[in-house]
Amino acid sequence: MGCFHSKVARKFRGHEDPVKLASETAFSVSEVEALFELFKSISSSVVDDGLINKEEFQLALFKNRKKENLFANRIFDMFDVKRKGVIDFGDFVRSLNVFHPNASLEDKIDFTFRLYDMDCTGFIERQEVKQMLIALLCESEMKLGDETIEIILDKTFEDADVNQDGKIDKLEWSDFVNKNPSLLKIMTLPYLRDITTTFPSFIFNSEVDEIVK
Amino acid sequence: MLHSFFICFVIFVLSCIFICHLILISSCLQIFKAEFTCLHWFSASAKKLIKRILDPNPATRITFAEVIENEWFNKGYKAPKYENANVSLDDVHAIFDESGSQNLVVERREEELRTPVTMNAFELISTSKGLNLGLLFEKQMGLVKRKTQFTSKCPANEIVTKIEAAAAPIWDLMSRKITTRFLDFLLHLIHSRPLMEIYNVQVLQVAPSLYMVEMRKSGGDTLEFHKFYKNLTTSLKDIVWKTIDEEKEEGTQGTTFSLKNLFS
């Protein structure tokens, strides 16, 4: 049994133990291993250091390592839990856990609230939404007049900001999302359910399953 | 063994159709000559089924329901699983019926709201590529997108009418590939590939005079869907304002209609 452990240890040297990660998330050990394959390919794309930096993240999302995107930056910052400027394997798995189809609704609502609360004040302010909206319109090359943008914001805040204080708090956001469930569609990645079939190379490496069974 | 005789049958039919091709004028599946020789190693039940399928007389030709029930067909047949459970067999029956060129069935589902629903700011923001982490997986898996979008400044009803008008000739053009249609039917027998394409088109209102049109496929071949989408947007050039290529799972509410078609 000692020799199984050393094989696993060798493969995951420098990274968190997959068994530990599996116990803390909705992923099974083999799913964590499959995620490691994905992590490996992303983290080695620019600098082969076993960590995902901003450029590698951008490369993976947009096929362009120089492409700056407000939302991708927010996601990156949220994945970079330890504030190191890079995402390690543990961060990667734990953050992706929220995107699993079986993850709790509450966790997903919480994640989106923190995502949109860009300055981390505990509220989603109108100005923040305006900034995000403008970024989105820029990205999709849609040109809308300032007036139209204000109309969209007015309507959104009418629906979401129940106490009309010009910002959306956690509770208002929760209610708003429950009324508009499509807002959480970005928080579920069905690919995570079939991860072991999409990254079959792990099958040849995996020893861990034997131990866990 | 089963596999090899299918391949032989396919080769045989190809040559048959090549001969018949010049005299085929309609875009529906038609066999004018009923003479054909089954290769001797076909089983009796296979020969019987094929004879009934290739019957030039639509009145006596086997119906799809009967094909499904045929014992030879059912040997090792696995019913295909469609992503969208609401599959009606009417369009499948249409391939065997000679009821005119009903190749395109446009079903407009009138929902309670006749006008498109306005997207709120967060729904718009959600469409950003930066928030689509599925892209991390797709690059590795080499997936083809299942959904595409474009924006338009024309009124919603006009968009819908124009799409219907633009789609019809494309269906006709694609359905004229008789050889591939028939081959596909055979492939369906062999591999249980879905015969039906269901494309859902949604028109969503972004702002007072700006609409986003989303096309999503739920069933059928992804590459064919993309071919169709490409052709469609080319013929819709006058109403398309901007094309957006993104991959998303679902759309929001709006005026929806789906184009169902039997397809190669």
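Just so it is clear, the values below take in all heavy atoms, side chains as well, and ignore hydrogens, waters and symmetry mates. Residue numbers begin at 1 in each chain, while the letters A, B, ... track the order of the sequences.
Heavy-atom pairs under 4.5 Å with chain B peak, among A:I151, A:L70, A:L133, at A:L133. The candidate with the highest count of non-hydrogen atom pairs below 4.5 Å against chain B, out of A:L153, A:T148, A:V129, A:I149, is A:V129.
Proximity to chain B is absent for every atom of A:F39, based on heavy atoms less than 4.5 angstrom apart. The part of A:F176 that comes within reach of chain B is its side chain, from C-beta onward, which places non-hydrogen atoms under 4.5 angstrom from that chain. A:I124 touches chain B through its side chain: at least one heavy atom from C-beta onward sits under 4.5 Å away, while N, CA, C and O do not. If you measure heavy-atom distances from A:L144 to chain B, the contacts under 4.5 Å come from the side chain alone. Contact of A:L189 with chain B is made through the side chain alone, with heavy-atom distances under 4.5 Å. Using a 4.5 Å cut-off between heavy atoms, A:I52 makes no contact with chain B at all.
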**OP:** Show your working on side-chain contact (heavy atoms from CB on, under 4.5 Å) between A:Y191 and B:L133 and close with a plain yes or no.
**Re:** CA-CA 10 Å; A:Y191 299 118; B:L133 294 186; over 6 Å; no

Subject >> Residues B:T127, A:I186; criterion side-chain contact (heavy atoms from CB on, under 4.5 Å); working and verdict >> reply: CA-CA 8 Å; B:T127 63; A:I186 53 164; over 6 Å; no

**OP:** Decide yes or no on side-chain contact (heavy atoms from CB on, under 4.5 Å) for B:N120 and A:I152, but give the supporting numbers first.
**Re:** CA-CA 6 Å; B:N120 68 52; A:I152 298 174; 5.9 Å; no

Original post:
Would B:F122 and A:N180 satisfy side-chain contact (heavy atoms from CB on, under 4.5 Å), going step by step from the backbone distance to the final call?
Top reply: CA-CA 10 Å; B:F122 291 101; A:N180 300 282; over 6 Å; no

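How far CE of A:M132 is from CG of B:L124: 12.0 Å, rounded to the nearest 0.5 Å. Interatomic distance, CG of B:L131 versus CG of A:N69, reported as 7.5 Å (0.5 Å rounding).
Contacts between residues 85-93 of chain A and chain B, defined by a heavy-atom separation under 4.5 Å, are made by no residue at all. Residues of residues 107-116 of chain A that come closer than 4.5 Å to chain B, counting heavy atoms only, are A:L115, A:Y116, ordered by residue number.
Contact record, A:E139 with B:K129: OE2-N, 2.8 Å, taken as the closest heavy-atom pair. Nearest heavy-atom pair across B:S128 and A:F71 is OG-CD1, 3.1 Å.
Qualifying ring-ring contact (aromatic ring centres under 6.0 Å, His included) partners for A:H100, counting only residues two or more places apart in sequence or in other chains: A:F27. By the ring-ring contact (aromatic ring centres under 6.0 Å, His included) test, A:F57 pairs with A:F76, sequence neighbours left out.
Remark: A:E106 CD is loosely packed, at most 12 non-hydrogen atoms of other residues, nucleotides or ligands lying under 6.0 Å away.
Formation of a donor-acceptor pair under 3.5 Å by the B:E123 side chain with backbone atoms of A:S182 is not found in this model.
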